[in-house]
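All figures in this text were calculated on a predicted structure; none of them were measured in a lab.
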Number of protein chains: 2
Amino acid sequence: MEPTAKRAGLTREKVLRAALALTDRDGIEKLSMRRLGTELGVEAMTLYHYVPNKSALLDGLVELVVSAVRTGEDAARADWTGRLRDLADSLRTELLRHPGVIPLVATRPVGTAAALRAVEATGAALVAAGFTPVVALRIVNAVATLVIGHCLAEAATTPGHPEPPAAALDLADFPALAAATAAGLGTPADHDARFTLALDALLTGLATTRP
Amino acid sequence: MEPTAKRAGLTREKVLRAALALTDRDGIEKLSMRRLGTELGVEAMTLYHYVPNKSALLDGLVELVVSAVRTGEDAARADWTGRLRDLADSLRTELLRHPGVIPLVATRPVGTAAALRAVEATGAALVAAGFTPVVALRIVNAVATLVIGHCLAEAATTPGHPEPPAAALDLADFPALAAATAAGLGTPADHDARFTLALDALLTGLATTRP
DNA sequence: TTGACATTCTTACGGCGTAAGAGACAGAGT
DNA sequence: ACTCTGTCTCTTACGCCGTAAGAATGTCAA
């Protein structure tokens, strides 16, 4: 019987999952080594046996989220724009599932094997469609960049009050802006429309560049 | 004569400019109230007379950088894609001038009048070209989002070593990636090419959606 | 001069990441 | 059974951070 085990039975994996859960629940700014420790029933310094420092912990969060991205390799019949769309959609849903992690994904270079595998798979589909390897990866980069930028904006405006200082401005000075907000710009449904508009435009534009 | 003035003669403006200079020189993580204070020859708490808290200071940095963006209103003869291109290029150069501020711009909603004026101006040009106000602002949003996402990636890989862990991976597993890196992917000149590719594609794609 | 107000400093609190090392536990070899 | 070895955990401490509270100092108008 081990009702009060002296060893907590931790793992890098468990630590990362707990950190992700804590981030999802309380936000990234509340993620501290001490807090994560108490969450796991352990002192803060204990965590340093599973992670060299906090930066590595954050890298682990990125790894966790990005690894969940599906690139649609199975549906190999999809054309290259379909593959890019799959990548974009999957990346977006994973990011929005963990809003606190988005700034980390945007900031930290992705060197993990899982992420590179996704890039490689999509890039290979583009090469098969006739693109140069260099151009193929530039295209994948462009799509990922667009998704990350969009999700940043989408998640940044979600928390409490959207933008109270904007209300203090004289809307009469900005006719186009005023007309658009009156027509529903900024509503939650609008985020989907913004994303679709941008992605569709990018993909049709890319299609015209195919050799 | 005031060789050693007891009043430092500060201003919100001066504080912000000093903060921006400090960020440009030492990086955003080194920007602390105490450090900024000593930089200005003043105690940390003094700064709180010009800025309510650190978050507002960071907002001020964003404001400072974004205000410098030129939207090409003068060259009113440029067509709407030209206006968008001007916006994108100007935003990109301003952001790259202050890499430490990019994560802030990406994260914090822009409510300042100067930023809205830029959006309004470009949006108006789109409306004049036949787009709905809502669509016009979605388009401006798409371009800004793409630029920010790209600059984030570009500035994140600049500091010290690009990605040492990537070298540890077996490149044989990623043929397309390997071929592309061998062909110069990731070099500084490649950033321009990536940006141009993405922006061109987005703009041509948008052109096909014009009513 | 006298107030009123704006500006600056002092002190202090609680939180952070983490360096250094001591202690407790588990399993292997004898 | 005992010790050794290496893994896991805790304790203590240092220097940093943002900022609350309020006392001191400067400036200028009445």
Whether B/Asp190 and B/Arg194 form a salt bridge (side-chain N of Lys/Arg under 4.0 Å from carboxylate O of Asp/Glu) is what I want to check.
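Salt bridge: yes.
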
Spell out, as yes or no, whether a donor-acceptor pair under 3.5 Å connects the side chain of [X] to the backbone of [Y].
{"X": "A/Glu39", "Y": "A/Ala19", "result": "no"}
{"X": "B/Thr122", "Y": "B/Val119", "result": "no"}
{"X": "B/Lys14", "Y": "B/Leu40", "result": "no"}
{"X": "B/Lys30", "Y": "B/Arg35", "result": "no"}
{"X": "A/Glu94", "Y": "A/Val69", "result": "no"}

For residues 35-58 of chain A, which residues have at least one heavy atom under 4.0 Å from DNA chain D?
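Contacts with DNA chain D under 4.0 Å: A/Val42, A/Glu43, A/Met45, A/Thr46, A/His49, A/Tyr50.
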
Does anyone know the first and last nucleotide of DNA chain C in reach of chain B, 5' to 3', at under 4.0 angstrom to a heavy atom?
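Terminal contacting nucleotides, 5' to 3': C/dA6 to C/dT10.
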
For a side-chain contact (heavy atoms from CB on, under 4.5 Å) with B/Leu126, tell me which candidate from B/Ile139, B/Val135, B/Leu206, B/Thr81 qualifies.
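Among B/Ile139, B/Val135, B/Leu206, B/Thr81, the one that satisfies the side-chain contact (heavy atoms from CB on, under 4.5 Å) with B/Leu126 is B/Ile139.
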
Using heavy atoms to find the nearest nucleotide of DNA chain D for A/Gly9 and A/Arg34 separately, return the residue whose nucleotide is more 5′.
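It is A/Gly9, whose closest nucleotide lies nearer the 5' terminus.
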
State, yes or no, whether a side-chain contact exists between B/Leu197 and A/Asn141 at a heavy-atom distance under 4.5 Å.
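No, too far: nothing below the 4.5 Å cut-off.
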
